[in-house]
Each structure stands twice: as C-alpha cells, then as structure tokens.
**Q** 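Once you've had a glance at the structure underneath, I'll fire off some questions.
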Amino acid sequence: MMLSPNFSLAELTVSQFAARAGIDNAPGPDALANLHRLAIALERVRAWLNRPVIILSGYRSPGVNRGVGGARRSAHLSGLAADFICPSYGKVMDVFEALRMSGIVYDQLIAERGTWVHLAIDDHPRHQALVYDGERYSEIA
C-alpha cells in the first residue's frame with residue numbers, strides 16, 4: 001500500500017528488530033493515519049533535496065520501541081517520525097542543514113550520531129533542531 005507517491009506502508013513499518021524478535025509492528029488506525037501525514041512530509045523532504053531518501057525506521061509498536069531503546073514518548077510510536085539518510089545528497093549534517101534551512105514544517109529535526117536524520121511532525125510543531133552525539137542533545141538555533 002502506497003502512503004504517498006514515493007513512500008509505502010511497508011517501507012515506513014519495516015523493522016529488522018521486529019522480524020528477529022517475532023514482534024508485530026503493524027500500526028493501528030490512528031498510527032496509520034499519521035503515517036499518511038508523515039509520508040507527505042517526507043515527500044517535501046525528498047522534493048527539497050531533489051533526491052530519494054532511504055527510510056531506516058518509521059512506525060514502531062511499543063514492543064519494537066522498547067526493544068530498540070527508543071524514547072518512552074517517541075513520535076515513532078504514533079507514526080509521526082522517521083529516521084532516514086540521503087547519501088546521494090551528502091553526509092547526515094549536510095542533509096540536516098539543508099532541511100533546517102528549507103522552511104519545511106517539522107516538530108523535531110535531529111542529526112543523530114552523524115548516522116541518520118530524525119524527522120518528527122506534530123499538529124503543534126516546535127520547529128526544534130537538535131544534534132545528538134550519543135550522549136547529549138544540543139539545540140541548534
């Protein structure tokens with residue numbers, strides 16, 4: 001099932017951890033509706049970068065989120081966040097900076113450990129840009 005022209009439900013719910021642990025990672029109706037919204041936001045990211053993005057993590061069921069050490073109130077639990085890379089655009093910080101300056105509406109944009117970008121959306125976006133080095137978060141103005 002396609003959630004948008006370039007993002008599928010399978011892509012935004014796949015989890016190697018869930019597959020290994022035998023955990024169901026299917027979203028409920030509310031999370032599915034949020035995943036549609038997230039896919040539209042990711043279309044904006046893709047258009048701004050003018051490159052495909054590779055989704056590393058999208059929706060996480062509570063069991064998957066616990067298993068991967070996700071935050072207790074992670075936006076992934078509601079289908080409102082995705083972790084991704086765009087190697088054809090550049091390094092993680094290049095992608096992060098491009099999106100931070102893009103005008104794309106987000107709740108949180110996080111460069112995580114220089115390994116991926118986390119994008120979260122919300123009805124009341126804070127437009128919070130953070131860099132996480134594995135130990136602490138630093139807010140970028």
Side-chain angles (χ1 to χ4, degrees), residues 1-71 73-141:
M1 164 195 235
M2 294 304 290
L3 299 172
S4 70
N6 294 291
F7 296 98
S8 69
L9 177 62
E11 184 175 15
L12 288 171
T13 59
V14 69
S15 168
Q16 291 178 5
F17 177 83
R20 283 193 309 268
I23 297 173
D24 181 16
N25 198 46
D30 291 342
L32 181 57
N34 288 337
L35 284 169
H36 279 279
R37 294 175 48 210
L38 180 62
I40 297 305
L42 290 166
E43 291 290 351
R44 291 183 187 109
V45 166
R46 189 179 196 276
W48 182 261
L49 299 174
N50 197 29
R51 307 268 194 313
V53 298
I54 301 166
I55 305 299
L56 304 176
S57 179
Y59 171 75
R60 295 183 197 148
S61 67
V64 169
N65 194 59
R66 274 191 305 277
V68 300
R73 294 175 43 195
S74 172
H76 288 279
L77 290 162
S78 303
L80 292 171
D83 299 334
F84 64 91
I85 57 174
C86 186
S88 63
Y89 185 86
K91 296 178 182 178
V92 167
M93 286 307 293
D94 297 331
V95 172
F96 172 80
E97 285 300 328
L99 295 176
R100 192 170 73 84
M101 299 304 195
S102 70
I104 292 173
V105 176
Y106 56 82
D107 182 48
Q108 283 189 321
L109 184 68
I110 307 173
E112 301 226 20
R113 301 175 194 162
T115 307
W116 65 81
V117 175
H118 169 92
L119 175 81
I121 61 172
D122 191 86
D123 288 333
H124 306 287
R126 296 173 283 175
H127 209 73
Q128 184 179 48
L130 304 164
V131 174
Y132 179 62
D133 65 8
E135 293 183 22
R136 64 186 186 91
Y137 290 90
S138 301
E139 191 158 3
I140 308 298

**Q** Would you compute the distance between atom SG of Cys86 and atom CD1 of Ile54 and round it to the nearest 0.5 angstrom?
**A**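 Cys86 atom SG to Ile54 atom CD1 measures 7.5 Å (nearest 0.5 Å).
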**Q** When rounded to the nearest 0.5 angstrom, what is the spacing between OH in Tyr59 and CG in Leu77?
**A**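 Rounded to the nearest 0.5 Å, the OH-CG separation comes to 7.0 Å.
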**Q** List for me each residue that meets side-chain contact (heavy atoms from CB on, under 4.5 Å) alongside Ala21, sequence neighbours excluded, and say none if there are none.
**A**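 Ala21 satisfies side-chain contact (heavy atoms from CB on, under 4.5 Å) with Phe17, Ile23 only.
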**Q** Once rounded to the nearest 0.5 Å, what's the spacing between atom CD of Gln16 and atom OG of Ser57?
**A**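 It comes to 10.5 Å.
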**Q** Considering non-hydrogen atoms only, spot the tightest contact between Tyr106 and Ala129 and give its length.
**A**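 Between these two residues, the closest heavy atoms are OH-CB, 3.9 Å.
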**Q** Between Val95 and Val117, what is the shortest heavy-atom contact and its length?
**A**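 Taking Val95 first and Val117 second, the nearest heavy atoms are CG1-CG2, 3.9 Å.
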**Q** Identify the heavy atoms of Ala71 and Asn65 that sit nearest to each other, and give their distance.
**A**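 Where Ala71 meets Asn65 most closely, the heavy atoms are O-ND2, 2.9 Å.
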**Q** Please enumerate all residues that pass salt bridge (charged side-chain N to carboxylate O under 4.0 Å, His left out) together with Arg100, with sequence neighbours excluded.
**A**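 Counting only residues at least two positions away or on another chain, Arg100 forms a salt bridge (charged side-chain N to carboxylate O under 4.0 Å, His left out) with Glu97.
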**Q** On a heavy-atom basis, which atom in Leu3 and which in Ala39 lie closest, and how many Å separate them?
**A**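 Scanning both residues completely, I find the closest heavy atoms to be CB-CB, 3.7 Å.
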**Q** Do His76 and Val64 have side chains that get closer than 4.5 Å, going by heavy atoms?
**A**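 SC-SC contact between His76 and Val64 ruled out.
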**Q** How many angstroms lie between CG in Leu35 and CE in Met1, if you round to the nearest 0.5 Å?
**A**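 Leu35 atom CG to Met1 atom CE measures 10.0 Å (nearest 0.5 Å).
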**Q** Got a second to check how far Arg66's CZ is from Ser61's OG, nearest 0.5 Å?
**A**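 Output value for this atom pair is 8.0 Å.
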**Q** Suppose we screen for side-chain contact (heavy atoms from CB on, under 4.5 Å). Which residues come up paired with Val45, at least two apart in sequence or across chains?
**A**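 Val45 satisfies side-chain contact (heavy atoms from CB on, under 4.5 Å) with Leu49, Val53, Phe84, Leu99, Ile104, Leu119 once adjacent residues are dropped.
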**Q** Can you tell me how far CD of Glu11 sits from CG of Asn6, rounded to the nearest 0.5 angstrom?
**A**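 Here the rounded value is 8.5 Å.
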**Q** With sequence neighbours left out, write down each residue that passes salt bridge (charged side-chain N to carboxylate O under 4.0 Å, His left out) with Asp83, or none if nothing qualifies.
**A**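 Partners of Asp83 by the salt bridge (charged side-chain N to carboxylate O under 4.0 Å, His left out) criterion, ordered by chain and then number, come out as Arg60.
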**Q** Only counting residues at least two apart or in another chain, list the ones meeting side-chain contact (heavy atoms from CB on, under 4.5 Å) with Met2.
**A**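 Listed in chain order: Ser8.
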**Q** Under the side-chain contact (heavy atoms from CB on, under 4.5 Å) test, which residues partner Arg126, sequence neighbours left out?
**A**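 Arg126: side-chain contact (heavy atoms from CB on, under 4.5 Å) contacts with Asp107, Gln108, Gln128.
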**Q** Closest heavy-atom contact between Leu38 and Ala81?
**A**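 Minimum heavy-atom contact is CD2-O, 3.4 Å.
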**Q** Can any side-chain N or O of His118 pair as donor or acceptor with the backbone N or O of Leu109 at less than 3.5 Å?
**A**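 Not confirmed, His118 side chain does not pair with Leu109 backbone.
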**Q** Between Asn34 and Leu80, is there a donor-acceptor pair closer than 3.5 Å when you use the side chain of the first and the backbone of the second?
**A**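 No, the answer is negative, given that no donor and acceptor are paired below the 3.5 Å cut-off.
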**Q** Taking all heavy atoms of Pro27 and all of Leu32, pick out the closest pair and write down the distance.
**A**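 For Pro27 versus Leu32, the nearest heavy atoms are CB-N, 4.1 Å.
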**Q** Quick check against the 3.5 Å criterion: does Asp30 have a side-chain atom that pairs as donor or acceptor with the backbone of Ser78?
**A**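 No, the answer is negative, given that no donor and acceptor are paired below the 3.5 Å cut-off.
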